[in-house]
Amino acid sequence: MSRQTEFVLRSIEERNVHFVRLWFADVLGSLKSVAIAPAEIESAFAEGVGFDGSSIEGYARVYESDMVAHPDPSTFQMLPWRQGTGTARMFCDIANPDGTPSWADPRYVLKRAMDKAADMGFTFYAHPEIEFYLLKGPHHPGDSPEPLDNGGYFDHTTLGAGTDFRRDSITMLEQMGISVEFSHHEGAPGQHEIDLRYADALTMADNIMTFRVVIREVASLKGIKATFMPKPFSQCPGSGMHTHVSLFEGDENAFFDPSDEARLSPVAKHFIAGLLHHAPEITAVTNQWVNSYRRIMGGGEAPAYICWGRNNRSALVRVPAYKPNKASSARVEVRSVDAATNPYLALALILAAGLSGIEHEWELPEEASDDVWSLSARERRALGIDPLPKHLGQAIALMEDSELVAETLGEHVFDYFLRNKKAEYEEYLGQVTQFELDRYLPHL
């Protein structure tokens with residue numbers, strides 16, 4: 001029995017735990033959960049917990065539906081919003097009945113990508129800035145969303161429920177072992193941002209899944225609604241998840257070179273080149289919903305064009321220059337990702353794209369120093385700056401032809417994800433929108 005397993009069993013007894021929730025994600029990034037009694041934990045560690053995989057989005061077909069969830073003892077945490085009931089949680093790795101890892105498990109997709117990085121000598125770290133909206137609640141289908149407050153960027157005002165909300169959420173996250181670096185009001189009414197302190201990519205993906213649960217739980221306790229929808233308001237900026245990433249070789253940041261003007265090592269430059277090269281084909285995963293493209297095409301600091309820059313917030317990939325001479329701070333920021341992505345798949349593809357650039361030693365294109373949004377289409381073409389996909393249908397078509405995405409996700413996840421997204425986009429194309437009714441009904 002491992003020390004981590006012993007710690008969990010001792011904690012369950014000492015902390016009077018009545019329920020242990022086993023968490024895992026489906027292919028689209030929705031959290032799944034099954035609760036077991038403390039008496040079943042030793043058996044769960046030894047043999048796993050069986051479930052019907054055919055009932056989980058993207059997991060298995062009916063005739064091969066038996067799957068097994070194996071709890072990861074390193075992810076054991078008490079759920080602070082379940083005080084009085086003694087409830088804890090652990091994330092799970094999903095296996096087939098024969099014990100082999102399931103190719104449908106998004107956590108396994110990220111583990112495989114990180115194993116490839118490890119074979120090249122790298123550890124992959126991530127640090128997300130997660131934006132979301134708080135709405136007056138409760139919210140029912142058909143209701144028009146209403147922001148909780150009228151605050152603006154970095155506003156320090158008595159915003160009541162919004163300010164209290166961030167404080168309570170951060171307290172809860174810290175109680176679950178998730179370190180928070182910053183929090184502030186974002187640019188639009190009701191929009192907030194909380195940044196998580198960097199961690200290895202697998203821990204961070206688990207933390208993002210937990211973060212979304214905590215935010216929704218705190219909102220529910222306060223009688224309001226939190227949403228990670230990429231763009232709930234036409235006239236306001238969308239919610240992104242700007243993701244800072246870096247590679248380390250042991251204790252050394254592989255992205256840092258003090259002799260370079262931008263303080264970027266050759267490894268960092270190749271990594272960025274890989275991100276730019278593969279950006280169009282991974283966008284269906286980093287921005288997986290029809291609504292995601294309202295944010296990308298809607299301005300408001302969302303990147304719509306494939307370029308990189310220092311301190312250029314219109315660029316897809318930004319090189320932050322807050323502490324240019326601090327080696328551990330060298331990183332790149334991928335600005336396209338939204339807060340409603342599957343973090344396991346998104347981080348796996350960001351890593352795979354960057355590693356591809358390193359393997360091929362691709363040259364970094366010229367830096368975009370202008371506000372890319374303000375350039376004309378002709379000016380962008382002259383600079384070699386291509387657009388990101390403009391809608392989910394275009395993103396799906398680019399992903400479908402991608403060897404990198406197919407190889408990184410594995411055949412099972414790749415095929416299911418494409419089928420699901422094609423169905424979503426076709427259903428969307430069949431809808432008559434309010435825009436059409438307002439625009440055409442009076443005249444046609």
Side-chain angles (χ1 to χ4, degrees), residues 1-26 31-53 56 59-60 66-115 117-118 123-126 172-179 196-214 217 343-344 347-348:
M1 187 182 296
S2 73
R3 293 170 102 185
Q4 286 178 326
T5 302
E6 287 180 1
F7 168 78
V8 170
L9 295 175
R10 192 169 63 250
S11 297
I12 286 172
E13 190 172 336
E14 291 174 351
R15 302 177 80 167
N16 199 24
V17 171
H18 296 286
F19 302 98
V20 179
R21 293 195 175 276
L22 305 183
W23 286 3
F24 57 95
D26 69 13
L31 187 69
K32 301 297 173 182
S33 174
V34 59
I36 61 174
E40 303 300 317
I41 287 295
E42 280 196 69
S43 169
F45 280 136
E47 303 168 8
V49 175
F51 67 96
D52 176 9
I56 306 295
Y59 263 42
D66 289 340
M67 305 193 88
V68 184
H70 290 276
D72 178 346
S74 70
T75 64
F76 177 86
Q77 288 288 347
M78 298 296 292
L79 298 183
W81 62 88
R82 304 293 291 175
Q83 289 178 353
T85 61
T87 304
R89 72 92 161 100
M90 283 182 282
F91 279 97
C92 293
D93 294 306
I94 307 303
N96 301 309
D98 64 2
T100 57
S102 168
W103 285 78
D105 181 7
R107 212 166 182 254
Y108 183 50
V109 171
L110 179 53
K111 282 186 169 184
R112 291 199 313 271
M114 293 174 70
D115 286 345
T123 308
F124 181 49
Y125 289 93
M172 213 171 263
L173 289 165
E174 298 276 2
Q175 286 173 346
M176 296 190 71
I178 298 174
S179 297
L196 304 185
R197 188 174 294 280
Y198 81 96
D200 71 90
L202 184 65
T203 300
M204 185 52 71
D206 289 344
N207 286 352
I208 292 167
M209 295 295 294
T210 305
F211 177 93
R212 295 199 294 221
V213 175
V214 167
E217 288 287 349
Y344 301 100
L347 287 172

Task: Geometric cation-pi criterion, Arg3 with Phe7: 6.0 Å, 45° - done: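 Ring-cation test returns no.
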How close do [X] and [Y] get, heavy atom to heavy atom, and via which atoms?
| X | Y | result |
| --- | --- | --- |
| Leu110 | Ala205 | CD2-CB, 3.9 Å |
| Pro80 | Gln175 | CB-OE1, 2.9 Å |
| Ala201 | Leu347 | O-CD1, 3.6 Å |
| Pro106 | Ala104 | CD-O, 3.2 Å |
| Ala126 | Met204 | O-CE, 3.4 Å |
| Cys92 | Pro71 | SG-CA, 3.8 Å |

Task: Within 6.0 Å of OH in Tyr108, more than 12 heavy atoms from elsewhere - done: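 Yes, enclosed.
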[X] vs [Y] side-chain heavy atoms within contact, under 4.5 Å:
| X | Y | answer |
| --- | --- | --- |
| Val214 | Glu217 | no |
| Thr75 | Arg89 | yes |
| Trp23 | Asp206 | no |
| Phe76 | Leu9 | no |
| Met78 | Val17 | yes |
| Met176 | Leu79 | yes |
| Leu202 | Arg107 | yes |
| Phe211 | Ile178 | no |

Open item on the list: One pair to check against side chain to side chain contact (heavy atoms under 4.5 Å, CB included): Met90 and Phe45. What are the steps and the verdict?
Closed with: CA-CA 11 Å; Met90 283 182 282; Phe45 280 136; 3.7 Å; yes
What distance do [X] atom [atom1] and [Y] atom [atom2] have between them, rounded to the nearest 0.5 Å?
| X | Y | atom1 | atom2 | value |
| --- | --- | --- | --- | --- |
| Arg21 | Leu31 | CZ | CG | 10.0 Å |
| Met172 | Thr210 | CE | OG1 | 13.0 Å |
| Ser102 | His70 | OG | NE2 | 10.5 Å |
| Thr203 | Ile208 | OG1 | CD1 | 11.0 Å |
| Asp72 | Leu22 | CG | CG | 11.0 Å |
| Arg112 | Asp105 | CZ | CG | 9.0 Å |

